[in-house]
Amino acid sequence: MNKLKLNIKDTFNKELPADPVTDNTRRQVKEACFSFVTPRKTSKPELVHVSDEMLLEIGLTTDDAKSETFLQVFTGNEILENTQPYAMCYAGHQFGNWAGQLGDGRAINIAEVVHKGNRWALQLKGAGETPYSRTADGLAVLRSSIREYLCSEAMYYLGVPTTRALSLALTGDKVLRDVMYDGHPEYEKGAVVCRVAPSFLRFGNYEIFAARQDDKNLKVLTDYTIKHFYPHLGEPSKETYIKLFNEVSQRTLEMIVHWQRVGFVHGVMNTDNMSILGLTIDYGPYGWLEGFEYGWTPNTTDAGTKRYRYGNQPNIGLWNLFQLANALYPLVGEAKPFEDVLNQYKLDFEKKSLEMMRAKLGLVAEEPSDVTLTAQLEDNLQLSETDMTIFFRLLADFNVEQPQNGLSVVHKAFYSPDELDDERKQKWNDWFVDYAKRLKREDTNSMERKKQMNAVNPKYVLRNYMAQLAIDAADEGDYNLIEELYRLLKKPYDEQPKYDKWFAKRPEWARNKIGCSMLSCSS
């Protein structure tokens, strides 16, 4: 009997083709969606943190989380009864180039659980080698695990579609990592995160079959996807496959618009990091905009081309969808239906992006001049380094009767207020005058507007320096800051006066510090 009383209902490893080879050796896996694999046992596991909400979501209690069984299962030392852990096989385009087979190189799916009508796949990240690990060790370190654990939960409470996190644990083992890929590897504390999602299927799961011209298994996987995650689209058919692609496109766009709204930059938008459910997946070198900058990327690997920069994320979403369209094409045999969906994405992004900016500015009605108003604001935000999160949060206090005081209202958002010379101040003052005129044409009072704006403009986000402080403390065995940030980020739109110290610009010491500005893919 399952000691944790989980309602296990596995489908992926029951209904889809398995790799017939059971040896855990690096290899090309053909005609299979996954390989069975056993998590690596850890030497001295220690639970660092558990998401109380995700416990309830999968049908467990806080008492369960304190049990030895929970610790052992979610660090890979025990396998749940009547389950067969596995690693998924997929391919992908990385930084615009076809990379061939990739797969779960350090993630192992342990079970699917159904609770209160919701299906959850449980996956251990950092649980050891798989056939897809290539030259890597399949492990994860505390540093990157804290970042993933906190960020996935923070994104959820921000209202951004995302995978979730259940638990964060130390393994007791040391892991060798070259943080900045500069030839100076060091041993770090090993860790495992249990991440949770309805499914971890990615664009790359479909790409690999298309690339190998394995139309049979492409259809099997796509039909499985429709059956379990898009049943409302109907029975599999050419029309249904197009409907599937259309809904994936819409969900992807919705996710990216949310990213733009809160200033989140994913950092590695490869097709193997794109969820078929439109969820933010794989938290590596991510970051939130500190200064508002379209060209910013948190990824050191992307520093040259800045392919995955903040301002380019919507375009990359479209590029990735084009690759998914190519993968699904063999099931339909016509290009035009896919092209129509992709063209609609372009139109919808312009529309939804403007809607998002209107909401951030407290505008309810639609006026043609809003395009110019938002464009001028975005230009002004780049006149000098301006903190995006703080600016929009403070803007809710703008007084339409005193536009001349606009700069003083948002003063705290500027990193170097002295840079605002007369010319820049004039541009800002002109914009505040236009903004005041526009607000006066709205049918809302200042209190209503502030409430509306504060519901979409968070006061708190997981800035990289905040995560780094939690990492530094955890390295010393102090997990209090992880708990504090976890609690803070559960209510990112609330004032939370006791946490007001976190409503602050990035400190100067963090400007160029590793882990606080640019990060590598091992982050």
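When reading the values below, keep in mind they use all heavy atoms of this one structure, side chains included, and skip hydrogens, waters and symmetry mates. In this chain, numbering begins with 1 at the start of the sequence shown.
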For the pair T163 and Y283, evaluate side chain to side chain contact (heavy atoms under 4.5 Å, CB included) and give the outcome as yes or no after the intermediate values. CA-CA 10 Å; T163 56; Y283 289 97; 4.0 Å; yes

Quick one: sort the F338 and F245 rings into parallel, tilted or perpendicular, breaks at 30° and 60°.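 Judged by the thresholds at 30° and 60°, the geometry between F338 and F245 is perpendicular.
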
Is the Y230 ring parallel, tilted or perpendicular to the H232 ring (thresholds 30°, 60°)?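 Because their plane-to-plane angle lies in the 30° to 60° range, the rings of Y230 and H232 count as tilted.
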
Within the 4.5 Å heavy-atom criterion, are [X] and [Y] side-chain neighbours or not?
X: S167; Y: V193; answer: no
X: K352; Y: H258; answer: no
X: S43; Y: T171; answer: no
X: H228; Y: E15; answer: yes
X: E78; Y: T69; answer: yes
X: L279; Y: M255; answer: no
X: Y157; Y: L489; answer: no
X: W319; Y: R307; answer: yes

Minimum heavy-atom distance between [X] and [Y], given as atom pair plus value:
X: A87; Y: A107; result: CB-O, 3.9 Å
X: G96; Y: Y308; result: N-OH, 4.1 Å
X: G92; Y: E207; result: CA-OE1, 3.6 Å
X: C89; Y: Y132; result: CB-OH, 3.3 Å
X: C151; Y: F264; result: SG-CE1, 4.1 Å
X: T75; Y: A169; result: CG2-CB, 3.5 Å

Go through the side-chain N and O atoms of [X] and [Y] and say whether any donor and acceptor fall under 3.5 Å apart.
X: T61; Y: D64; value: yes
X: Q468; Y: D472; value: yes
X: Y90; Y: D104; value: yes
X: T389; Y: W288; value: no
X: D223; Y: Y241; value: yes
X: Q84; Y: N13; value: no
X: T130; Y: Y86; value: no
X: S237; Y: T240; value: yes

Side-chain ion pair, [X] and [Y], N-O less than 4.0 Å:
X: R27; Y: D19; answer: yes
X: R164; Y: E53; answer: yes
X: K490; Y: E153; answer: no
X: E188; Y: R143; answer: yes
X: K219; Y: D215; answer: no
X: R251; Y: E247; answer: yes
X: R487; Y: E483; answer: yes

Test log, rule salt bridge (Lys or Arg N to Asp or Glu O under 4.0 Å), inputs E148 and R195: CA-CA 9 Å; E148 170 128 18; R195 51 187 187 181; 3.0 Å; yes

As a quick check of understanding, evaluate side chain to side chain contact (heavy atoms under 4.5 Å, CB included) for N312 and M269, giving each step before the final call. CA-CA 10 Å; N312 204 37; M269 287 180 69; over 6 Å; no

Would R147 count as a cation-pi partner of Y286, with NZ or CZ less than 6.0 Å from the six-membered ring centre and within 45° of the ring normal? yes

Does R463 make a cation-pi contact with W502 (under 6.0 Å, within 45 degrees of the axis)? no

Answer yes or no: is there a donor N or O on one side and an acceptor on the other, between the side chain of [X] and the main chain of [Y], under 3.5 Å?
X: S133; Y: A136; answer: no
X: K189; Y: D475; answer: yes
X: D478; Y: A474; answer: no
X: D10; Y: E112; answer: yes
X: N217; Y: V220; answer: no
X: D348; Y: Y345; answer: no
X: N7; Y: V114; answer: yes
X: Q496; Y: K491; answer: yes
X: D272; Y: A91; answer: no
X: T297; Y: N299; answer: yes

Can you check side chain to side chain contact (heavy atoms under 4.5 Å, CB included) on N320 and H93, steps first, answer last? CA-CA 8 Å; N320 289 338; H93 284 83; 5.6 Å; no

Dump the intermediate steps for side chain to side chain contact (heavy atoms under 4.5 Å, CB included) on L80 and I8, then the final yes or no. CA-CA 9 Å; L80 289 164; I8 294 171; 4.1 Å; yes

Could you point out which residue of D282, L324, T271, I276 forms a side chain to side chain contact (heavy atoms under 4.5 Å, CB included) with R202? D282

Among N246, T252, L253, V248, find the residue that satisfies the side chain to side chain contact (heavy atoms under 4.5 Å, CB included) test when tested with Q250.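 Of N246, T252, L253, V248, side chain to side chain contact (heavy atoms under 4.5 Å, CB included) with Q250 is met by N246 alone.
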
Report yes if the distance between the aromatic ring centroids of H49 and Y486 is under 6.0 Å, otherwise no.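 Yes.
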
What verdict does the ring pair (Phe, Tyr, Trp, His ring centres under 6.0 Å) test give for W120 and H115, after you've listed the backbone C-alpha separation in whole Å, the side-chain angles of each residue and the deciding distance to 0.1 Å? CA-CA 8 Å; W120 298 104; H115 184 63; 9.8 Å; no

Evaluate the criterion salt bridge (Lys or Arg N to Asp or Glu O under 4.0 Å) for residue pair K238 and E334; output intermediate values, then yes/no. CA-CA 9 Å; K238 288 186 178 182; E334 295 178 64; 5.3 Å; no

Crowded around F322 CZ? As in, over 12 foreign heavy atoms under 6.0 Å? no

Please test D173 against T42 for side chain to side chain donor-acceptor pair (under 3.5 Å), starting from the C-alpha separation and ending with a verdict. CA-CA 7 Å; D173 304 312; T42 55; 5.3 Å; no

Can you name the one residue among R26, R40, R134 that meets salt bridge (Lys or Arg N to Asp or Glu O under 4.0 Å) with E129? R26

side-chain hydrogen bond (donor to acceptor under 3.5 Å, both in side chains), paired with Y206, selected from T225, T222, N326: T225

